[in-house]
Structure formats: C-alpha cells, structure tokens
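Notes for the one structure printed next.
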2 protein chains.
Amino acid sequence: MKSATEHMAVKDDLLRLDRQLCFPLYAASRLITRLYQPMLEPLGLTYPQYIVMLILWEDAPCSVSRVGERALLNSNTLTPLLKRLEHLGYVRRARGTADERVVQISLTAAGNALKIDCACVPETLLANVSYSPEKAIALKESLDELIRKLQEAPGRNST
Amino acid sequence: MKSATEHMAVKDDLLRLDRQLCFPLYAASRLITRLYQPMLEPLGLTYPQYIVMLILWEDAPCSVSRVGERALLNSNTLTPLLKRLEHLGYVRRARGTADERVVQISLTAAGNALKIDCACVPETLLANVSYSPEKAIALKESLDELIRKLQEAPGRNST
DNA sequence: TTCGATCACTTCGCACGCGATCTAATATAC
DNA sequence: GTATATTAGATCGCGTGCGAAGTGATCGAA
C-alpha cells in the first residue's frame with residue numbers, strides 16, 4: 001500500500017507545468033498571435049479580427065451567429081469586434097429584412113480588397129518559422145481532433 | 001504558365017480557415033480554458049491564475065520575472081494578476097532586500113493548501129475528455145517543439 | 001389572438017494580454 | 001564620485017473573451 005507521502009508525490013507530478021497539455025496550447029496560441037501581429041498591424045487588424053475576416057471572405061454575407069459558429073466566439077465578443085471592422089470600413093452591419101433579429105454582415109469593397117493584401121500572410125509566416133509543413137499538417141489534425149472531443153465534453157459548450 | 005485566376009485560386013486556398021494551423025491553436029486554447037473554468041471557479045481562480053499557481057508551487061519564492069519567463073507572460077500582465085492572487089490570500093508580494101527592484105512572490109499557507117484542492121483538476125479533466133493519453137503526450141511534444149521554433153522566430157520575442 | 005417561450009443580438013462587468021511608457025534601483029563608464 | 005545606461009516592475013490604453021443580464025423580434029401553444 002502506498003504511503004500518504006508517495007500518494008502526494010504522484011499528485012505533485014500531475015501538477016507540474018511541464019506535464020500539462022493545457023499550458024503549451026495556451027502558450028503556443030499566444031506566441032502565434034504575437035507572430036501575426038506585426039503583419040496585421042499595417043492593415044489595421046488584430047489577430048481575432050483577421051480570423052473573422054477569413055470567415056467572411058468565405059461566407060459573407062452571413063449572420064453574426066454564423067460567424068460565431070465558425071470562430072467559436074459568442075456574440076458578446078463578436079458585436080464589438082464587428083463594430084470595429086465596420087469603423088475600419090471593411091464590413092457593413094445591417095438588420096435582416098425577413099427576420100429583424102439577425103444582423104447580416106457583408107463585405108465592403110475595401111473588405112474584399114483586403115483579401116489581396118492578406119494573401120501573403122500565411123506564406124510569410126511559414127517562411128519565418130522553421131517548422132516543417134508535414135509536422136504542421138499533423139499537428140493541425142491532432143488539434144482538430146482535440147477540438148472535436150472538447151466540444152463533445154460536458155460543461156459550458158456555449159457559442 | 002498559370003493564369004491570374006489560377007494564381008488567385010491558390011492564394012484563396014491558403015486563406016481558407018480550415019487550412020490554418022493558427023486557428024485550431026487559438027480555438028483549442030479557448031475551449032480548454034472553458035473546460036477548466038468550472039473547476040477553478042469554486043477556488044476563486046481564473047485559468048491564467050491557475051497557471052501561475054502551478055509555477056509558484058514549483059518555484060516559490062521567486063521573482064515576478066521568473067514567473068514571467070516560465071509562463072511566457074510580461075510584467076504588465078503579471079503585476080495585476082499577482083495582486084489579485086494576493087487579495088485572494090494565496091500569495092505575498094514583497095520587495096527584495098538585496099535588490100529592491102525585484103518583487104519576490106511567496107506562497108501563504110492558503111496558497112500551499114490550495115495545491116491539495118487542485119490535485120484532482122488534471123485527472124478530472126482527462127476523465128471528461130475522451131482523448132487518449134498517448135495522443136495527448138504526442139500532441140504536447142509537437143506543441144513544445146512548435147513553441148521552441150516560435151521563440152526562435154524573428155519578431156517581438158519579449159517576455 | 002394573445003401571452004409566455006425562444007431567439008439573435010447587445011450591453012455590462014471583469015480579467016486578461018500586450019505595446020508603450022514611466023519610475024525607482026542598480027550597474028557601468030569615466 | 002557623478003553621469004549614463006540598464007534593469008525590474010508598475011501604469012496606461014485598447015482589444016479581446018466570456019458569464020450574466022437586457023431588449024426587441026419571432027414562434028408556439030392554449
């Protein structure tokens with residue numbers, strides 16, 4: 001039978017920072033954001049705004065909730081973010097005519113044109129980080145699976 | 001030779017949300033935080049505060065900059081966070097005697113005791129997500145490598 | 001048809017994250 | 001020994017994230 005001290009040692013181990021999966025996720029996410037920032041700043045975009053623009057280039061015009069589904073962001077984050085994109089002149093926000101509850105987001109000419117300026121962003125990034133494309137693809141697939149599992153998990157799965 | 005249209009199509013592809021590595025990182029990180037939140041809330045902790053406590057349980061007493069090195073966070077984030085942990089009664093902040101520029105962070109009795117309450121957090125989390133430990137370990141190793149590459153990358157590597 | 005759900009979004013409050021800047025203490029140059 | 005540079009934290013401003021609560025529009029059951 002394990003002594004109380006041994007039992008504590010096991011628990012201790014599980015709480016070590018270098019044993020956590022959560023921390024490298026948190027850290028890598030922030031490091032990536034820092035890497036994008038200098039490329040996006042000249043365009044007036046923050047990193048979350050860039051993600052939303054990626055979605056809009058695929059889906060616009062679409063509702064706030066549609067953007068939220070894809071970005072996994074709630075409307076309380078998106079509303080102010082979209083207002084900033086509107087002030088920047090990249091998107092328009094308009095209440096739907098059929099259903100006045102929904103706000104349709106559409107791209108302005110400037111918003112569409114921005115896509116050209118962003119085209120080089122992913123390449124530039126890859127060039128700056130010496131991480132092999134194969135590993136990047138494998139990592140992305142692992143993360144996609146983890147995300148699916150996390151969304152299945154119990155708890156607040158709001159969005 | 002590729003036509004302008006074909007060239008655009010390639011660029012288009014690189015900007016698809018489901019082709020980005022950055023997005024699953026960003027999304028997974030936030031989903032993980034959401035998963036921890038209900039476990040940490042009863043203890044009065046936010047997720048970043050939990051990360052800092054993990055570091056302190058290993059390293060305390062230590063300086064603010066030491067915490068920052070490990071968490072990859074700057075003092076402008078840590079100072080208010082540590083003040084909140086101080087208000088919660090988990091840590092003490094005191095200027096060093098040898099060098100009055102450094103602020104030493106030490107754990108209170110409550111801060112040490114909190115470790116016992118957190119011992120079950122990693123296990124509970126694993127139990128809630130049906131993600132195999134082998135995959136989790138592989139994912140963590142991939143992320144650790146990515147983090148190393150990101151820290152080597154040019155740009156603002158402040159911390 | 002009308003009145004209570006439900007829905008889509010907004011607003012509010014609080015805690016990050018981080019670039020930029022400030023302050024006080026220490027190190028270094030001369 | 002004084003002047004300058006560097007360092008460790010703190011402060012400020014802004015943009016997220018997100019729980020909770022609010023508002024107005026639509027849906028559904030009685």
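Convention: sequence-line order gives letters A, B, ...; per-chain numbering from 1.
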Starting the side chain at C-beta, find the nucleotide from [options] nearest to [X].
X	options	value
B:Asn74	C:dA8, C:dG19, D:dC18	C:dG19
A:Lys83	C:dT11, C:dA8, D:dT16	C:dT11
B:Glu100	C:dA8, D:dG9, C:dA25	C:dA25
B:Arg84	C:dA15, C:dT26, C:dT10	C:dA15
B:Val102	D:dA8, C:dA8, C:dA15	D:dA8

Check every strand shown and say whether [X] touches a base, only sugar-phosphate, or nothing at a heavy-atom separation below 4.0 Å.
X	value
B:Ser75	base
B:Thr33	nothing
A:Arg66	nothing

Should [X] be listed as having a side-chain N or O under 4.0 Å from OP1 or OP2 of [N]?
X	N	result
B:Gln49	C:dA15	no
B:Arg34	D:dG17	no
B:Tyr26	D:dG17	yes

Beyond-backbone contact of A:Met53 with A:Gln49, side-chain heavy atoms, under 4.5 angstrom: no
Separation of atom [atom1] in [X] from atom [atom2] in [N], rounded to whole Å:
X	N	atom1	atom2	value
A:Leu72	D:dG17	CG	C1'	13 Å
B:Ile32	D:dC18	CD1	P	13 Å
A:Glu41	C:dA20	CD	C1'	12 Å

Toward the 5' end of DNA chain D, by each residue's nearest nucleotide, B:Arg101 or A:Thr46: B:Arg101
Pairwise 5' ranking along DNA chain D for A:Asp99 and B:Val64, keeping only the more 5' one: B:Val64
Single hit among B:Asn74, B:Leu82, B:Val102, B:Leu73 for side chain to side chain contact (heavy atoms under 4.5 Å, CB included) with B:Val64: B:Leu82
Heavy-atom donor-acceptor pair, A:Asn76 side-chain to D:dG17 base, under 3.5 Å: no
